[in-house]
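Down below is the structure, laid out as structure tokens.
Below, chains carry the letters A, B, ... as their sequence lines are ordered, and counting in each starts from 1.
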Protein chains: 2
Amino acid sequence: MTSIPATGPDDPSALDPRRLLILRAVAQAGSMSAGARALGWTQPAVSQHLQALERSARTPLLLRHSGGVTLTEAGRAAIVHADAIAAHLDAASREVAELAALGAGTVRLAAFPSALAVLVPPALERLAATSGVEVRLVEAEPPEAVELVRSGDVDVALTFGYAESPGVPSDLRGVGLGTDPVDVVLPTTHPAADRGDLRLADLADDDWVAGCVRCREHLVACAATEGFTPRVRHETDDYVVVQQLVARGLAVAALPRTALAAYRHPDVATRTVEGLGARSLHAAHRAGVERVPAVSALLGALRRPARGGTTRTRTGAGA
Amino acid sequence: MTSIPATGPDDPSALDPRRLLILRAVAQAGSMSAGARALGWTQPAVSQHLQALERSARTPLLLRHSGGVTLTEAGRAAIVHADAIAAHLDAASREVAELAALGAGTVRLAAFPSALAVLVPPALERLAATSGVEVRLVEAEPPEAVELVRSGDVDVALTFGYAESPGVPSDLRGVGLGTDPVDVVLPTTHPAADRGDLRLADLADDDWVAGCVRCREHLVACAATEGFTPRVRHETDDYVVVQQLVARGLAVAALPRTALAAYRHPDVATRTVEGLGARSLHAAHRAGVERVPAVSALLGALRRPARGGTTRTRTGAGA
DNA sequence: GCGCAGCCATAAGCCATGCTTGGGCCATGA
DNA sequence: TCATGGCCCAAGCATGGCTTATGGCTGCGC
């Protein structure tokens, strides 16, 4: 694969686009001197450029006469394309500048359900208030979300991790978005629901409903520290389903507060217990993308104190 | 008028078109190294160019990761225009090269009637045989033809001149196309028609029909040298009309051989006399245009020995 | 698990591009 | 006839930009 390209930039017969633009400026100005003034250069500089351009064109592009220059047929042909090049160059500069200034751009964000419900909406609201960045959302649990980042299908993935399992794989980069304490969820009728000094071990004989693999592993690990192995009867990621099961008295569960902020069943009680720890929240992305303004803005919006559940502060009726 | 242009090439936020093309090559190749190989450069050269491009863009255009690079949104936006720029650059190069290689182009030629009838057709035939140059013809007597060159309405003017009046004005350039001897035109019934040693003064008592101003002036000047003033009864540029008048015995005349090659009335005799001289034929043009290939080719075709009247050498029956 | 290969970034050096100043020629117009 | 304005040329110099050399990082294969 050492083939030489058909017409590379070093092709002697290829025209230098910058010199075409100089030709254009001169043609518009009517003379090399006027063109040079418009470009902020001296006249010999422009003259040399155009001589070089004509040398590579192997034909005169303009006729010099007292009072200025006029285009030859070849010069007119070149100018047509120079105009188009100038237009595209201008468009490219404007579009890129707009992306750089946060006036445009879209970021694809993958997030797990509770984050999507609680963390993301206020962040998007802030983002929309201060920029023209658009965000496309994809719901995905951390493993899939990470894979979407790796494949380039999304730019940022909201993930979580526990002490024993990192939230951001080593081949990606990420920023921490704080911790999300895990609480115990009990039926309101559960004897331990009102217990003053509740410990995790107090629930060693209960049936449990667990979530994703890592959540269950975390639960099991915490329980092991407390000296028991939880009986996991049911498995579901869905925090609504979990609470429905708990409310019916079918099991107890451990849910992060974010999930509880997204949805809270009236017939469950939540208790903070020692030894259940917290999950850490992360925004994972490929190295380098954090320098993209739109991504950086989204990360910044996510990092703001989004605590406060789903309450949206808006103009309107106060509390 | 020392105003700075709104967005000149030295605008720091403007993107360098050459660097956009480098970005394009890298994006197509998949990595800076491969792009550098395709461009015939080393990897650091490309890397530095793209860093400079991103600096002027004020946002990353591509993400570096092991195995190569991928475009960011801004990079994709830039590439779209880079593709267009590359296409226009290629089109400009091809069109200009075609004009330089005589594969295309049009030259506008003004000529006086007898040249248009005798000199031009064989020249155009030769030109068409060896190039794709097209010629647009305009009939104009030398004064108007010169004016058309000055105004830029034509590229080349075929003109003639006499010893006392140049064929090419000093503000234009031109090439000589040879001389065109002026002969006397007599009715075949004229007593001098068969005279052995005919001199111009022998026609001092005849009525004359003269052509354009300079032709008449030339005739008058020649006659003055011979010691008489011709009686100019009629005036017309048209060499057919002149010969019609002569054939009827209404006058004698002086006509260039080119005009006689274009049309020869059967009832007139032509005689070469001392002291009538010749007119010189020229191709006049603005300084510099002779370097335009199409113009140069036309001038070359005109300069060939076009003598031989209107006879065209073609494949077919020989003499 | 470890070395290797590929890729990109950086540093230093050097050459050439390309800009500037100064001067000259030419054509135009007062 | 001179003054003006345009383009070209020559010479000098600075900067841009390419090269070589090196290092860090990642991912893959043994």
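Listed by chain and number, the residues in a ring pair (Phe, Tyr, Trp, His ring centres under 6.0 Å) with H285(A) amount to none (sequence neighbours excluded). Evaluation of the ring pair (Phe, Tyr, Trp, His ring centres under 6.0 Å) rule for H49(A) yields W41(A) as partners, not counting sequence neighbours. For S33(B), the side chain to side chain donor-acceptor pair (under 3.5 Å) test picks out no residue, with sequence neighbours left out. Among residues two or more places apart in sequence or in another chain, the side-chain contact (heavy atoms from CB on, under 4.5 Å) test is passed with P44(B) by T42(B), Q48(B). Residues passing the side-chain contact (heavy atoms from CB on, under 4.5 Å) test with E144(A) are A140(A), E141(A), sequence neighbours excluded. The side-chain contact (heavy atoms from CB on, under 4.5 Å) test applied to A77(A) returns E95(B), L99(B), not counting sequence neighbours. In this structure, the ring pair (Phe, Tyr, Trp, His ring centres under 6.0 Å) partners of H81(A), at least two apart in sequence or on a different chain, are H88(B).
Overall bending of the helix from dG1(C)-dC30(D) to dA30(C)-dT1(D), expressed as the angle between end axes built from five pairs apiece, is 20° (10° steps).
Look at CG on L62(B): it is 15 Å from P on dC7(C), rounded to the nearest Å. Following rounding to the nearest Å, Q51(A) (CD) and dC7(D) (C1') show an atom-to-atom distance of 9 Å. At whole-Å resolution of the value, CG in L63(A) and C1' in dG6(D) are 15 Å apart. Counting to the nearest Å, the P atom of dC8(D) and the CZ atom of R291(B) are 10 Å from each other. Between the CG atom of L53(A) and the P atom of dC8(D) there is a distance of 13 Å, rounded to whole Å. When the C1' atom of dA5(C) is taken as reference, atom NE2 of H65(B) falls 17 Å away, rounded to whole Å. The CE atom of M32(A) sits 6 Å away from the P atom of dC7(D) (whole-angstrom rounding).
Under 4.0 angstrom from either OP1 or OP2 of dG6(C) there lies no side-chain N or O belonging to S33(B). Look at R64(B) and you won't find any side-chain N or O under 4.0 angstrom from OP1 or OP2 of dC7(C).
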When you compare the protein's N or O atoms with those of nucleotides 13-22 of chain C, which come within less than 3.5 Å of each other, and at what distance?
from, atom 1, to, atom 2, distance (Å)
dG18(C), OP2, R19(A), NH2, 2.6
dC19(C), OP1, H49(A), NE2, 2.9
dC19(C), OP2, H49(A), NE2, 2.6
dT20(C), OP2, T42(A), N, 3.0
dT20(C), OP2, T42(A), OG1, 2.5
dT20(C), O4, Q48(A), NE2, 3.1

Between the protein and nucleotides 25-28 of chain D, list every N/O to N/O distance that falls short of 3.5 Å.
from, atom 1, to, atom 2, distance (Å)
dT26(D), OP1, R173(A), NH2, 2.9
dT26(D), O3', S66(B), OG, 3.4

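Listed by first and then second residue, the salt bridge (charged side-chain N to carboxylate O under 4.0 Å, His left out) pairs involving residues 286-296 of chain B amount to none (not counting sequence neighbours). The salt bridge (charged side-chain N to carboxylate O under 4.0 Å, His left out) analysis of residues 16-26 of chain B, with sequence neighbours excluded, yields the pairs D16(A)-R18(B), R18(A)-D16(B), R24(B)-D83(B).
The two atoms that bring A57(A) and A100(B) nearest to each other are O-CB, 3.7 Å, heavy atoms only.
Heavy-atom contacts from other residues, nucleotides or ligands closer than 6.0 Å to CD of Q28(A) number more than 12.
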